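Written below as structure tokens is the structure these notes are about.
Computed from a predicted model, the values in this text were never measured in an experiment.
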Amino acid sequence: MLARGMFMLSRIGRLLRGKWLTVSSIVTFALVLLLVVVHSYLNIQQSKIMARKYLVSITEGVTETVDCWLREQKNLLILISRTDLVQDFLDDPAGTDVSRLTELIRKNQPHYISFFIADADGTIRAGFPEEPEGQGPLKLHDYPFWDEFAANLYHVHISPQIQRSPHNRKLTFYILTGVFDSRRHCRGFIGASIDWDKFIEKFIIPITVGQTGYVAITDEDGRNIGHPDKSLNLRNLSHLTFMKKIITEKNGFQEYRFQGIPKFMAYHQSSESGWIVNASVSEAELVEGSVYARNLMLLIGVILLSAMLLIIGYIDIFRLGKAQKELMDNQRKFRLIFNHGTDGIFVHALTPDGQPGEFEEVNDIFCRILDVVKNDLSRLAPDELLRLEWPGGYARILSELATEHYWMGEVPREAGANESPQHLELRLFLLVVDGRQFVLGFVRDISDRVRTQVRLESRREELDRLVQDRTKELTAINVELRRQISEREQMEKALRESEEKYRNLVVRANDGIVVFQDEVIKFANDKMSEILGYSHEELLGMGVTDIVHPTLRRSILARYKRRIRGRRVEPIYETRFLDKHGKQVDVELNAGIIQYEGRPADFIFVRDITERKRMAEEKQRHQEDLIQTDKLVALGTLVSGVAHEINNPNNAIMLNAPILEDAWKNVLPILEEYRRNYGDFMIAGIPYSIFRDYLVDIIGDIEKCSGRIKTIVEDLKSFVRPSHAELSDEVDVNEMVRSSINLTSNLIMKSTRHFHVEYDREIPPIRGSFQRLEQVMVNLIQNACQALPDPTRGLTIITRLVRERDQVEIVVADEGQGIPPENLSKIMDPFFTTKRTRGGTGLGLSVSNSLIKKHGGSLTFESEVGRGTRALVNLPVKNTVREIRP
């Protein structure tokens, strides 16, 4: 049947042969070639973009996984360093057994090659594996990571260098941390070495990147430290161009060639270790599909062009007999196109009465569209197989085809028992060969397109309904707006008349009157100009920030905004303005919302109360000074009696605490024997194994607190009588600051979440009184904490040696409210305080300044309102001996 069709095409070709057919074939092929090239280029570019996203996601995921695992290891070491067993071992290595701890770590951390505990000198005292006999203990100072660890102040540290373990020569890296006491003194070190091969097998080797790619790790020196091919580990590749880019950029993506093969690579640096995780894949693997599709399309185009040119050439040159022989060869090519096209193709005969006969030929796509096996076609008539829902059925379509010789349309197909409804696009051609009629049909499944059109139509109808509803709403709103505009015009007319009546009253009022709108002054009367010293023209257009005191601008602006929004705000309140010359003016405001020029505005009465407030504050301060003076006189009278009453019970505490400690030491062996025989037991609701060490600390705290009470009592006595204590002690300034921080730790934690201390370790001891300097530091820290408005503000304490002045400087800096310039020069005057309502006496800074001067030093303050305050204590390194006199 196909041969007959090709023969008919040859006859048509002879009629249409000519140069134009050849030219058109070449042009068509050129267009197809151009489309193939463009399509291939776009596909390759899209493949590169997807490769970048794919590789970046892999590297970032692996890096985050590695960082999480390293953070877990760091946290584990920190937890171990804080255990009582490690602390006790560093206090008494010979008397503390840590073998159970090391054995527990060995079993639960199989990736550890070694675990060690070292003393403050860096000498390893315990751990696994144990050192061979005859070989001295290892020292951490000999390891290459020691300098970097020391520069980190012995905080938890990951050594990024991959090295050979001295125990089994395996590749490893180290994680270690310092062990600190309550005063942050470093008492020793603990650490572990991680089996690098197990690390790679866990995080790198299991990860695959396509068929040709892999994930690897390099260090910042360009060495391969983690590669699926272990023979490449520790090989330095920093001389290669792509490795130089990795070392320089740390994070990124690149295209490069390795051994002549184009590749893609993404790389990402670990935040915990500094290692650079990279994932690479061959370019050919990613663009292989696009290249294959391009080559296939080019092959089909060449075949089609060759077929057309050969048909034209052979028709022109050879006789019909030879052309027919050539057509038999072309039949095979046509069958290739027939079976690999995009549409279903079928051919069936027509009976003499115009009814469909049996199928002559169908392609695989036709069978797939209609879900039929090709072997079953002989038992099915075309109309039974197609099952078209069309008036008159398939027979009606064939009758129209007999007249027009061509029929095209979109036809629904009845659903079978296990089939869903379909929509088909049919194109039918009537062919006559040797007196017989045949139907050549092309079938395309357009079910998805029809369903999409139905959904679009439904949504279009819904959108039309919403537009109609919205139009009705807008029409109603428009009518309402016109009514409101009419009412507003009447109101505005009445308002203008009212404004004219009251304008004279406002201008000549005894209080200042101002109208704020859009955060600027729109109106001000003559009294307002008199209060602030500005002319009427200068006031107009000025904002809140121009006339209100800087510390109050935000609150005034907030009140204005709340009133404009209709919220309830207290109308009468006091504040401070700044006049034209920068002088403060205390005023009382009475504010309310009015309609000004058709829009809401803040209408404010301003009354100058500067003189009234000054007189009231002077009177109040005078009364408070008198009351404070009476309190201090009474305090001096009561100190002696109170000190005697406190000393009596405190002496009993000081005498009994050592006895209680000795008694506990005597009872302790008996309790230990009881625990060994009968197991752990409870004392005061606490297991004995914990209470045993806890009670010793409790007794020690009792003795320390009793001594503190004694010191406080002596300080009270020294307040009412001359003190002859000499500045004869050697004071460790850093230790004095640490002790002051411990005394005020609760206040610091409540006041700020950003507390920072910097100690200069080169400060030498100074001559003076530890207790008196501690008293000064406690007072400065308390003042700094009280100045912080909220815990988000920070507090910093710094000690440093100023060599050019031969002085030690202590800085206490807060991010508080700051001290106004008018108060900064008076803060160290006796009885001056801004916290009198909160119990302030005004003596703290005065006494602190006196004590620093007795040490030969100075106490100064630097402050900026709204930015914070810095207290600077300067003490000489070499101090003369003086007496402390309050």
Side-chain angles (χ1 to χ4, degrees), residues 35-70 160 162 196-197 199-298:
L35 290 175
V36 169
V37 171
V38 171
H39 179 267
S40 176
Y41 174 79
L42 294 178
N43 276 351
I44 292 173
Q45 295 303 313
Q46 184 64 26
S47 298
K48 291 183 178 180
I49 293 172
M50 295 304 296
R52 180 175 189 142
K53 294 181 178 179
Y54 172 61
L55 294 176
V56 168
S57 64
I58 288 178
T59 55
E60 290 180 350
V62 174
T63 304
E64 182 59 27
T65 302
V66 170
D67 284 349
C68 288
W69 189 84
L70 292 176
I162 307 303
W196 182 249
D197 288 338
F199 180 85
I200 295 301
E201 290 172 358
K202 181 175 183 180
F203 293 107
I204 301 303
I205 294 178
I207 300 174
T208 59
V209 183
Q211 301 296 323
T212 62
Y214 56 85
V215 175
I217 301 179
T218 62
D219 60 18
E220 293 183 295
D221 296 326
R223 293 190 309 164
N224 255 331
I225 57 175
H227 198 280
D229 184 358
K230 294 184 179 180
S231 63
L232 297 178
N233 283 340
L234 300 184
R235 180 174 296 182
N236 194 321
L237 303 177
S238 60
H239 62 283
L240 299 178
T241 303
F242 74 89
M243 185 59 70
K244 291 178 181 179
K245 190 170 183 180
I246 294 175
I247 298 172
T248 303
E249 296 180 352
K250 304 296 192 300
N251 298 284
F253 177 86
Q254 64 174 322
E255 301 179 26
Y256 68 101
R257 284 184 173 272
F258 183 72
Q259 296 180 350
I261 300 175
K263 288 191 173 185
F264 299 141
M265 174 184 287
Y267 39 94
H268 194 77
Q269 187 175 34
S270 166
S271 60
E272 294 292 336
S273 62
W275 300 327
I276 303 173
V277 177
N278 56 81
S280 61
V281 68
S282 173
E283 179 184 358
E285 177 182 347
L286 298 176
V287 300
E288 181 179 2
S290 298
V291 173
Y292 176 79
R294 179 192 62 192
N295 293 340
L296 180 61
M297 293 174 71
L298 286 174

Minimal non-hydrogen separation, [X] against [Y], with atom names:
X: Ile261; Y: Ser282; value: CG2-OG, 4.0 Å
X: Val215; Y: Ile204; value: O-CG2, 2.9 Å
X: Ala279; Y: Ile58; value: CB-CG2, 4.1 Å
X: Val281; Y: Val209; value: CG2-O, 3.9 Å

Side-chain heavy atoms of [X] within contact of [Y], under 4.5 Å:
X: Ile207; Y: Val62; result: yes
X: Phe264; Y: Tyr256; result: no
X: Leu237; Y: Asn224; result: yes
X: Arg257; Y: Thr241; result: no
X: Thr218; Y: Asn278; result: yes
X: Phe242; Y: Lys263; result: no
X: Phe199; Y: Ile225; result: no

Which residues satisfy the side chain to side chain contact (heavy atoms under 4.5 Å, CB included) test with [X], sequence neighbours excluded?
X: Thr65; result: Phe203
X: Thr63; result: Asp67, His268, Ser270, Val277
X: Arg52; result: Val56, Phe253

Lys250 NZ: over 12 foreign heavy atoms closer than 6.0 Å
yes

State, without any angle test, whether Glu220 and Gln269 hold a side-chain donor-acceptor pair at a distance under 3.5 Å.
yes

Do Gln254 and Tyr267 get their side chains close enough for a donor-acceptor pair, meaning under 3.5 Å?
no

Exam field: side chain Asp219 to backbone Asp221, donor-acceptor pair closer than 3.5 Å
yes

Check: Trp275 side chain, Pro160 main-chain N or O, donor-acceptor pair, under 3.5 Å:
yes

Apply side chain to side chain contact (heavy atoms under 4.5 Å, CB included) to residues Leu55 and Ser280 and explain how you reach the verdict.
CA-CA 7 Å; Leu55 294 176; Ser280 61; 5.8 Å; no

In terms of ring plane angle, is the pair Tyr214 and His227 parallel, tilted or perpendicular, where the classes change at 30° and 60°?
tilted

